[in-house]
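Presented below is the structure to which this report refers.
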Amino acid sequence: MSAFGSTYAVVAKDIRSEWRTRYAVNSLLMFVVTAVSIILFALRSVDPNPELLSGMLWVVIFFTAMSGMSRVFVSEEERGTTLTLQLVATPTVIYFGKLLFNSVLILFLSFIITAMYMIFFSGFTIQSPGVYVISVVLGSLGFASASTIIAAIIAKTRSRGTLYAVLLFPLLIIPLMVGMSSTIKALEGSTLSEALSDFQVLASYLMVMVAGSYLLFDYVWKE
Amino acid sequence: MNSFKLVVRDLTKDFNRRSIFRQLAFSLTVGDSLAITGKNGSGKSTLSKILAGVLSPSQGTVEYFLDGVRIQEEQMKDTVGFVSPYLNLYEEFSAVENLKILSQIRSNKKRFEERADELIRMVGLWPRRDDPVGIYSSGMKQRLKYAFALLHEPQILILDEPTSNLDEEGMELVKEVVRRQKKNGILIVATNDSLEAKWCKKKIVLKVSST
Ligand SMILES: Nc1ncnc2c1ncn2[C@@H]1O[C@H](COP(=O)(O)OP(=O)(O)OP(=O)(O)O)[C@@H](O)[C@H]1O
Ligand SMILES: [Mg+2]
């Protein structure tokens, strides 16, 4: 009961803090806008097929996850508030709070990225909106789940930046590949049942990552 | 009051291969107070973090008991208050917001708002309660840490460098907090100052280890 309330309070704290400091959002939005503009410019005279479009979409989401989501724990560590948080919340509450915050962040950014492609890319037409939404949501959540636990692992190490990329890359390959394949289906107009096997892979990935992180987090979080 | 007890057994901490302390054992009950002293780098802060349950020991246990029943690790946070130089409050939030947010996360059942106001008044930050903590002076931040530590009326209060950055009025405030805590709960003070160590009935001296 109260664990839900506490988890919600952790997410609310992070959103409010983000709102005040724009610690992550501003630089991420800047990144998204720049990346999409470069892609638009580079592809201005080609007629892109669904494979290319899906690839371009996921490249941007992928690097957003790589660059943005390590901050959830590092920011507490840098500001010396890790102990404060430990004094008020159990590891489980903190893990789920941070996971939810990262999920909200990446879903928000995926939405922005999608909107930009739809507005500026005439070839980007989503034939099956249902398939598209499920692909992007499940893929993004997969990214968030992997990034959150890696962010916790690297927060206490010294060579954060490199370690984060090195550890995260192999974990993100699966949702990246599968997300791309189901996004292609969405752009080509496949039905939900045609994309079902992709969704099953994405959903199981998400469940395995969250369950594994939940079990691991106690050891990672407390020095 | 209840019968609250802190039991430490066989407590050992190493950082990598450096041994900080070995096989400490003691127990404290309501009314007890313990000073942790020793030279710089002897492990006072390390021990106080372990006692507060925010750092894991390499060996041994720290257990809290209420009426003879061991308190689950997840509930330990509801019974301990901690003031430490390694613990900061959120700079982007005001004093009031910090206390409110942190007690929401802790899901305090007790009426929070009056207590937060009362504590902010007590530590003398009332006129600045809505300023972001980031612009507080170091002494003001230290005062706010006391409000945070006392918010949930902890049975055990652990103070690491209790008076750092405080002026005379601030020190008087700490003495008052200490006096009350000794009456109602357990007090642990980690300090280099021999006067502060005298606040406590018991004392342990940590040695700087050679290895
Ligand atoms: N995270 C850490 N990793 C490695 N060694 C550490 C870590 N934290 C503390 N130490 C070491 O543990 C020893 C004790 O440190 P601690 O901060 O507990 O000392 P202290 O008694 O509080 O000192 P002071 O009087 O200066 O506050 C020091 O040798 C320190 O280098
Ligand atoms: Mg110290």
Side-chain angles (χ1 to χ4, degrees), chain A residues 1-26 71-98 100-101 152 155-158 214 216-223, chain B residues 13-16 45-46 48-58 72-94 97-109 112 132-134 141 144-145 148-152 154 156-158 160:
Chain A
M1 242 327 263
S2 74
F4 286 113
S6 300
T7 307
Y8 171 75
V10 171
V11 183
K13 171 199 84 84
D14 277 357
I15 291 177
R16 207 161 152 192
S17 158
E18 184 57 49
W19 185 252
R20 289 243 167 118
T21 60
R22 313 285 156 91
Y23 199 72
V25 160
N26 274 0
R71 289 181 167 94
V72 275
F73 293 106
V74 171
S75 73
E76 304 274 358
E77 200 67 36
E78 279 173 352
R79 295 184 292 172
T81 49
T82 306
L83 285 191
T84 317
L85 207 52
Q86 268 177 291
L87 279 171
V88 293
T90 60
T92 307
V93 161
I94 294 167
Y95 169 67
F96 281 104
K98 296 295 186 182
L100 281 177
F101 177 76
K156 296 209 159 68
T157 63
R158 226 165 295 136
Y214 166 70
L216 193 63
F217 191 72
D218 268 16
Y219 302 97
V220 175
W221 171 245
K222 205 164 151 186
E223 254 179 297
Chain B
K13 182 67 184 176
D14 312 315
F15 279 118
N16 305 319
S45 298
T46 304
S48 49
K49 284 184 211 168
I50 294 175
L51 294 177
V54 293
L55 184 66
S56 307
S58 307
Q72 295 289 309
E73 207 169 324
E74 297 85 63
Q75 264 104 52
M76 276 169 72
K77 64 187 175 52
D78 297 327
T79 52
V80 64
F82 189 31
V83 171
S84 159
Y86 299 97
L87 180 161
N88 294 324
L89 293 161
Y90 291 95
E91 304 222 319
E92 65 274 28
F93 297 128
S94 71
E97 286 170 333
N98 263 291
L99 297 187
K100 192 164 172 184
I101 288 169
L102 290 167
S103 71
Q104 274 164 355
I105 296 177
R106 201 196 261 124
S107 62
N108 281 151
K109 282 155 218 99
F112 149 77
V133 171
K141 285 180 187 163
L144 185 59
K145 288 182 193 179
F148 166 60
L150 296 170
L151 195 57
H152 54 307
I156 151 163
L157 183 64
I158 303 175
D160 187 6

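Only heavy atoms go into these numbers, but all of them, side chains included; no hydrogens, no water, no symmetry mates. Each chain gets a letter, A, B and so on, in the order the sequences are listed, and its residues count up from 1. Since this is a predicted model, take the numbers as computed values, not measurements.
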> Which heavy-atom pair separates B:Phe93 from A:Lys13 by the least distance, and what is that distance?
Replying inline: CZ-O, 3.7 Å
> What pair of heavy atoms forms the shortest contact from A:Leu83 to B:Tyr86, and how long is it?
Replying inline: CD1-O, 3.5 Å
> Heavy-atom distance under 4.5 Å to chain A: side chain of B:Lys145, backbone, both or neither?
Replying inline: neither
>> Heavy-atom cut-off 4.5 Å, strictly under: side chain, backbone, both or neither for B:Gln75 against chain A?
In response: neither
> Looking at CG of A:Leu85 and CG of B:Leu102, how far apart are the two atoms once the value is rounded to the nearest 0.5 Å?
Replying inline: 8.0 Å
>> Heavy-atom count check: over 12 atoms from other residues, nucleotides or ligands less than 6.0 Å from B:Lys141 NZ?
In response: yes
>> So, taking the atom named CZ in B:Arg106 and the one named CG in A:Leu87, what distance separates them when rounded to the nearest 0.5 Å?
In response: 7.0 Å
> Do side-chain atoms of A:Thr84 reach the backbone of B:Leu89 as a donor and acceptor pair under 3.5 angstrom?
Replying inline: no
> Atom CD in B:Glu92, atom CD in A:Glu18: separation rounded to 0.5 Å?
Replying inline: 9.5 Å
> Quick one: does B:Gln104's side chain have a donor or acceptor within less than 3.5 Å of a partner on A:Ala9's backbone?
Replying inline: no
>> If we define contacts as heavy-atom pairs under 4.5 Å, which of A:Gly97, A:Ala12, A:Ser17 has the most with chain B?
In response: A:Ser17
>> For A:Arg79, which atoms come within 4.5 Å of any heavy atom of chain B: side chain, backbone, both, or neither?
In response: both
>> Would you compute the distance between atom CD of A:Gln86 and atom CZ of B:Phe82 and round it to the nearest 0.5 angstrom?
In response: 10.0 Å
>> Once rounded to the nearest 0.5 Å, what's the spacing between atom OG1 of A:Thr90 and atom CD of B:Gln72?
In response: 12.5 Å
>> Below 4.5 Å, heavy-atom pairs only: which of B:Glu91, B:Glu97, B:Met76 has the largest tally toward chain A?
In response: B:Glu97
> Contact part of A:Thr21 toward chain B, heavy-atom cut-off under 4.5 Å: side chain, backbone, both or neither?
Replying inline: side chain
>> As an exercise, state the distance from OG of B:Ser56 to OH of A:Tyr219, rounded to the nearest 0.5 Å.
In response: 10.5 Å
> Does a side-chain heavy-atom distance below 4.5 Å link B:Glu74 with A:Thr92?
Replying inline: no
>> Give me the atom names and distance for the closest heavy-atom approach of B:Val54 to A:Lys222.
In response: O-CG, 4.0 Å
